Protein chains: 2
Amino acid sequence: MKGIRRLAQQLDISIGTVSRALNGKPDVNEQTRARVLEAAAAMGYVPNQAGRSLREGSTKAIGFTIESGADTAGNGDNFFLGVIDGVQTAFSRHNLDLVVLPCSTEEDPSQYLRRMVARGMVDGMIISATHRRDARIELLANARLPFVALGRSGTPGPHPWIDLDFEGVVNLGIDRLVAKGHRRIAVGLPSNDINLGFVFFDGYKAALARHGIPYDPTLVIRAGSSEQGGYQIAHELLMLPERPTAVILIYEMMAIGLYRRLNEAGVRPGRDIAVIGFREGPQSRFLSPPLTCFRLSLRDLGVALGESLLASMPAYADIYPQGLVRRIWPLQLVPGESDDFTIPR
Amino acid sequence: MKGIRRLAQQLDISIGTVSRALNGKPDVNEQTRARVLEAAAAMGYVPNQAGRSLREGSTKAIGFTIESGADTAGNGDNFFLGVIDGVQTAFSRHNLDLVVLPCSTEEDPSQYLRRMVARGMVDGMIISATHRRDARIELLANARLPFVALGRSGTPGPHPWIDLDFEGVVNLGIDRLVAKGHRRIAVGLPSNDINLGFVFFDGYKAALARHGIPYDPTLVIRAGSSEQGGYQIAHELLMLPERPTAVILIYEMMAIGLYRRLNEAGVRPGRDIAVIGFREGPQSRFLSPPLTCFRLSLRDLGVALGESLLASMPAYADIYPQGLVRRIWPLQLVPGESDDFTIPR
DNA sequence: TAGGACTTCGTAAACGTTTCGGAGAAAAAT
DNA sequence: ATTTTTCTCCGAAACGTTTACGAAGTCCTA
């Protein structure tokens with residue numbers, strides 16, 4: 001005899017009453033409810049999830065898919081761990097648990113997601129690293145599973161997302177560089193088709209146009225989202241006939257490799273060339289010179305992500321009545337010394 | 001009508017036969033099996049996990065708990081993402097899926113683990129960041145849930161683990177430094193009670209003793225497992241009346257902050273002081289000077305971790321008959337230039 | 001005192017799956 | 001021709017939970 005049945009037998013009550021007592025249903029004597037709760041705590045009873053979700057049709061868990069593999073971790077350091085922490089606090093208020101579903105490098109993300117959805121292990125899903133045209137979004141929409149994307153996408157159809165304010169960042173960054181006299185501003189982008197690369201690129205071109213600076217394709221370098229990528233970016237920039245005076249990077253880890261290559265060439269970041277990174281990482285301020293970059297609270301972002309998922313789940317519609325949420329997440333400039341280089345007029 | 005019932009009705013077969021056909025049981029006509037498989041694929045049928053695990057008493061999933069929160073992540077994202085990728089490939093051969101269970105910074109890891117185990121969502125568990133005395137180990141042992149720890153622990157009772165070869169690393173590192181004439185060798189350790197800190201410390205003392213170097217407690221600096229921690233370590237070392245000529249760090253990220261503080265003081269890493277880091281990170285070789293550190297394949301480590309868990313699961317005892325696995329994972333020296341500094345005799 | 005409203009609880013069905021014990025038929029053995 | 005074996009399949013039970021429904025009991029009202 002196990003589970004609720006054992007509890008009921010021990011208390012000499014029917015299992016139905018025990019269940020109602022535990023779940024806070026009204027039609028149960030408060031005295032017996034107290035007895036049940038006490039006995040449950042005493043014997044360490046916890047409801048079996050399989051039984052419950054079979055009956056309920058819902059598990060109290062939300063999935064968060066990321067791509068595993070150390071080298072594919074475009075965001076580096078602790079991006080996901082920070083966001084996840086926020087997501088969790090958003091969910092814990094509703095007794096929802098978070099499970100992270102890492103898609104192996106060996107598997108197609110869509111296939112993986114399909115399997116996980118079919119598994120029926122989660123009531124909702126958060127996907128990250130959205131691509132230009134992301135099959136996962138169509139998949140989730142078809143499966144009618146509530147979801148929210150960390151990162152917008154060009155995939156047609158309405159779906160909720162939260163994305164970082166790439167336009168704002170690149171605008172502010174280029175404004176700042178132009179104010180210091182820069183006109184030849186390079187940009188380091190990811191080489192894969194992750195959507196943020198396109199958004200950043202569009203913002204870059206728009207910002208240049210706004211300042212009347214002609215767009216020069218040779219100043220756009222695409223490379224891996226890693227230190228190695230930054231190294232390569234610097235390498236290619238150094239080989240240009242007319243070297244840029246400033247560079248703006250989409251991943252802060254790129255700065256490490258970029259610094260390295262520049263130093264090798266005797267070009268001092270912050271003095272001979274201005275460098276602006278994107279997201280502030282734990283290392284930004286410990287680089288020499290400290291990297292000028294943009295700050296956001298990963299935890300707050302995670303909370304917002306969790307809440308926007310809740311808003312798109314019918315069961316929580318009364319608590320979060322916003323419906324379909326789309327949100328641009330702001331970042332704050334963190335001035336370093338890497339963009340101190342000023343062009344004399 | 002849903003699930004297997006619908007499939008059975010459509011094929012005009014009993015649900016039992018459908019189930020047996022799908023699960024490869026012997027007593028089903030190969031012709032009808034083919035029909036079932038085809039129909040299942042056609043209508044995109046996937047077995048409901050709740051129903052299955054309710055009946056089976058087992059879900060086909062393994063849990064991997066880590067601590068979320070950007071600041072608590074001593075190893076950073078790439079470490080776990082790399083290991084997880086390996087774990088996954090080990091499991092995928094047996095159609096097991098991996099779910100990562102991130103323990104929020106707000107919650108006690110033991111309580112969290114208890115909840116997750118009680119949830120009955122996983123058949124086995126991998127825990128990481130083991131502490132000196134880890135309540136989670138006793139918890140899992142009591143719950144009789146198969147598990148393996150990434151990191152040994154002082155917790156009594158036999159349990160399987162895999163841990164990095166800290167002794168080997170610190171031995172090799174100190175041998176190397178001593179061969180270059182160093183006698184005042186500092187060590188940067190984590191400030192929390194994570195077990196690897198103790199193991200590393202013991203190895204440090206043993207290695208010094210082996211070389212007849214007296215142990216000087218002032219050369220042992222404990223700090224946060226981050227860039228900031230490295231900065232602090234350098235800061236404290238610089239304030240010592242007699243400065244060490246070498247320092248060995250337990251986290252490679254510490255090197256970034258350490259470099260920074262040393263540079264601020266005009267002390268050049270690799271020329272005025274020798275620095276050895278522990279695990280090679282993506283940035284090690286892009287630092288100036290490149291960090292001397294130790295390499296391991298995260299993916300292989302993950303595979304080993306997965307297989308040792310399988311070995312402790314009764315259901316897979318025939319495939320992995322090794323039983324309780326305890327393993328020290330070797331690392332390879334990656335020479336950089338950060339320990340080029342040699343003491344003239 | 002009869003009847004209604006309310007409270008409290010037990011019974012049983014349902015969720016989707018796997019598996020056990022047989023049943024019927026065909027094939028093989030006697 | 002009868003028994004035995006083999007091959008397929010069906011029916012039913014079971015996993016642990018929640019909940020709709022109804023039954024008893026109590027209290028109040030007419």
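Numbered from 1 within each chain, the chains take letters A, B, ... in sequence-line order. Only heavy atoms go into these numbers, but all of them, side chains included; no hydrogens, no water, no symmetry mates. Because the structure is predicted, anything quoted here is derived from the model rather than measured.
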A.B. asks: Does the side chain of B:S14 get closer than 4.0 angstrom to OP1 or OP2 of D:dC10 through an N or O atom?
C.D. replies: yes
A.B. asks: Do we see a donor-acceptor contact under 3.5 Å between the side chains of B:N195 and B:T130?
C.D. replies: no
A.B. asks: Please give, in whole Å, the distance from D:dA13 C1' to B:L54 CG?
C.D. replies: 13 Å
A.B. asks: Can you measure B:N29 atom CG to D:dC10 atom P for me and round it to whole angstrom units?
C.D. replies: 11 Å
A.B. asks: Please tell me if A:N48 has a side-chain N or O lying less than 4.0 Å from either OP1 or OP2 of D:dC15.
C.D. replies: no
A.B. asks: Rounded off to whole Å, could you give me the CD-to-P distance for the B:Q49 and D:dC15 pair?
C.D. replies: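 Computing the B:Q49:CD to D:dC15:P distance gives 19 Å.
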A.B. asks: Taking CZ from B:R5 and P from C:dT17, how many angstroms apart are they, rounded to a whole number?
C.D. replies: 8 Å
A.B. asks: Is the backbone of A:L164 close enough, under 3.5 Å, to the side chain of A:R152 for a donor and an acceptor to pair up by distance?
C.D. replies: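 Answer holds: yes.
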A.B. asks: Between A:T32 and C:dC9, is there a side-chain N or O to OP1/OP2 distance below 4.0 Å?
C.D. replies: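 Yes, because at least one side-chain N or O of A:T32 sits under 4.0 Å from OP1 or OP2 of C:dC9.
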A.B. asks: What is the distance from CG of A:L22 to P of D:dT17, rounded to the nearest Å?
C.D. replies: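 To the nearest whole Å, that distance equals 9 Å.
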A.B. asks: Between B:T32 and B:N29, is any side-chain donor less than 3.5 angstrom from a side-chain acceptor?
C.D. replies: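 No pair is found: no donor N or O on one side chain lies under 3.5 Å from an acceptor on the other.
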A.B. asks: Given the structure, check if the side chain of B:D27 and the base of D:dC9 hold any donor-acceptor pair shorter than 3.5 Å.
C.D. replies: yes
A.B. asks: Is A:E38 salt-bridged to A:R35, going by a charged N under 4.0 Å from an acidic O?
C.D. replies: no
A.B. asks: Just to confirm, is there a sub-4.0 Å distance from OP1 or OP2 of D:dT18 to any side-chain nitrogen or oxygen of A:R52?
C.D. replies: yes
A.B. asks: On the nucleotide D:dT18, are OP1 or OP2 found under 4.0 Å from the side-chain N or O atoms that A:K25 carries?
C.D. replies: no
A.B. asks: What is the distance from CD1 of A:I4 to C1' of C:dG10, rounded to the nearest Å?
C.D. replies: 13 Å
A.B. asks: Heavy-atom count around A:R33 CZ within 6.0 Å, excluding the residue itself: above 12?
C.D. replies: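 Yes, the 6.0 Å shell around CZ holds more than 12 heavy atoms from other groups.
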A.B. asks: For a quick test of reading the model: is some side-chain N or O of B:N23 closer than 4.0 Å to OP1 or OP2 of C:dT18?
C.D. replies: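 Affirmative; the distance criterion is met.
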A.B. asks: Assuming nearest nucleotide by heavy-atom distance, tell me which of B:R55 and B:R20 is located more 5' along DNA chain D.
C.D. replies: B:R20
A.B. asks: Take the protein atom CD of B:E30 and the nucleotide atom P of D:dT6, then report the distance between them rounded to whole Å.
C.D. replies: 18 Å
A.B. asks: D:dC9, D:dT17, C:dG10: which one has an atom nearest the side-chain heavy atoms of A:T17?
C.D. replies: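 The answer is C:dG10.
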